[in-house]
Amino acid sequence: MRKWLQYIPKMVNIPSDAKYPLSYFKLLPPSRGSWPAELIPVPSIQTFYSLCDGGVIGCYHFLKLSELLKENVDWYENSFKGYYPNGQDAMDMHSALVLGHETAGGAPLIWRKVDEKMYTFFWKGGDWEPIDMDFDAFMEHLFQVHPEGSGDSSWDKVLEDILNL
């Protein structure tokens with residue numbers, strides 16, 4: 001059972017008077033929009049967007065559904081097109097999906113079709129940084145409570161609160 005499917009709706013409905021900082025753990029209610037036809041249809045990612053309209057989960061900011069197409073086009077046209085010294089593109093609209101970015105460094109969070117796994121990309125002279133998980137495993141990882149004393153205690157508190165909603 002994919003637990004993240006249970007947690008997302010709970011996060012969307014977290015009360016505004018919650019005990020923890022919602023700026024780090026806030027998902028938006030689902031939009032009424034449909035998946036952009038120009039983007040790769042990925043069932044697990046489409047499920048995510050049917051449950052929420054992006055937001056922040058820990059150190060990742062997920063784009064709104066209405067922002068996905070524009071952001072993917074912008075990243076391709078302004079950063080990934082002709083990225084490598086030989087003129088090869090780092091990605092195109094048929095090989096990857098930009099879903100958001102890291103909140104600290106701003107590196108884009110990307111799902112790649114080649115192996116159906118999650119990556120970030122350091123575009124300022126860098127390259128692909130594999131997360132080495134498919135979208136489902138990545139989401140499960142984001143919602144994993146850490147043993148006492150390891151990991152992010154504020155995130156663990158949020159997860160405990162979500163589980164008790």
Beyond-backbone contact of [X] with [Y], side-chain heavy atoms, under 4.5 angstrom:
{"X": "L109", "Y": "I131", "result": "yes"}
{"X": "F48", "Y": "P43", "result": "no"}
{"X": "K64", "Y": "L28", "result": "yes"}
{"X": "M118", "Y": "L99", "result": "yes"}
{"X": "T103", "Y": "Y60", "result": "no"}

Q: List in chain and number order the residues that pass salt bridge (charged side-chain N to carboxylate O under 4.0 Å, His left out) with D53, two or more places apart in sequence or in another chain; answer none if no residue qualifies.
A: none
**Q.** For K70, all residues meeting salt bridge (charged side-chain N to carboxylate O under 4.0 Å, His left out), sequence neighbours excluded
**A.** D74
Q: Output every pair passing side chain to side chain donor-acceptor pair (under 3.5 Å) with a member in residues 106-118, not counting sequence neighbours, ordered by first then second residue.
A: D115-Y119, K117-D132
Calculate, to the nearest 0.5 Å, the distance between atoms [atom1] and [atom2] belonging to [X] and [Y] respectively.
{"X": "C59", "Y": "H101", "atom1": "SG", "atom2": "NE2", "result": "11.5 Å"}
{"X": "M139", "Y": "D134", "atom1": "CE", "atom2": "CG", "result": "11.5 Å"}
{"X": "K26", "Y": "C52", "atom1": "NZ", "atom2": "SG", "result": "10.5 Å"}
{"X": "L39", "Y": "Q46", "atom1": "CG", "atom2": "CD", "result": "9.5 Å"}

Q.
Suppose we screen for side-chain contact (heavy atoms from CB on, under 4.5 Å). Which residues come up paired with E38, at least two apart in sequence or across chains?
A. P36, L69
Q: For T47, check side-chain contact (heavy atoms from CB on, under 4.5 Å) against everything at least two apart and list the hits.
A: W4, L5, S50, L51
Contacts table for residues 86-93: side-chain donor-acceptor under 3.5 angstrom, sequence neighbours left out:
| residue | atom | partner | partner atom | Å |
| --- | --- | --- | --- | --- |
| N86 | OD1 | Q88 | N | 2.8 |
| D89 | OD1 | G82 | N | 2.7 |
| D89 | OD2 | Y76 | OH | 2.8 |
| D92 | OD1 | H94 | N | 2.7 |
| D92 | OD1 | S95 | N | 2.9 |
| D92 | OD1 | S95 | OG | 3.3 |

Can you say whether the rings of [X] and [Y] are parallel (under 30°), tilted (30 to 60°) or perpendicular (over 60°)?
{"X": "F135", "Y": "F62", "result": "perpendicular"}
{"X": "Y49", "Y": "W35", "result": "tilted"}
{"X": "Y7", "Y": "F143", "result": "tilted"}

Where is the tightest heavy-atom contact between [X] and [Y], given as atom of each residue plus distance?
{"X": "V98", "Y": "P108", "answer": "CG1-CB, 4.1 Å"}
{"X": "P30", "Y": "V12", "answer": "CD-CG1, 4.4 Å"}
{"X": "T120", "Y": "A107", "answer": "CB-CB, 4.2 Å"}
{"X": "K81", "Y": "E77", "answer": "NZ-OE1, 3.8 Å"}
{"X": "I57", "Y": "L27", "answer": "CG1-CD2, 3.7 Å"}
{"X": "R2", "Y": "S44", "answer": "NH1-CB, 4.2 Å"}

Q: May I ask whether V73 and L97 are part of the same hydrophobic cluster, defined by side-chain heavy atoms of I, L, V, M, F, W, Y residues being less than 4.5 angstrom apart, directly or through others?
A: yes
Q | Single-linkage hydrophobic cluster V114~Y84, side-chain heavy atoms < 4.5 angstrom | A | no
Q.
Please check this pair: side chain of E140 against backbone of K3, looking for a donor-acceptor N/O pair closer than 3.5 Å.
A. yes
(Q) What verdict does the side chain to side chain donor-acceptor pair (under 3.5 Å) test give for Y83 and D127, after you've listed the backbone C-alpha separation in whole Å, the side-chain angles of each residue and the deciding distance to 0.1 Å? (A) CA-CA 10 Å; Y83 177 80; D127 210 338; over 6 Å; no
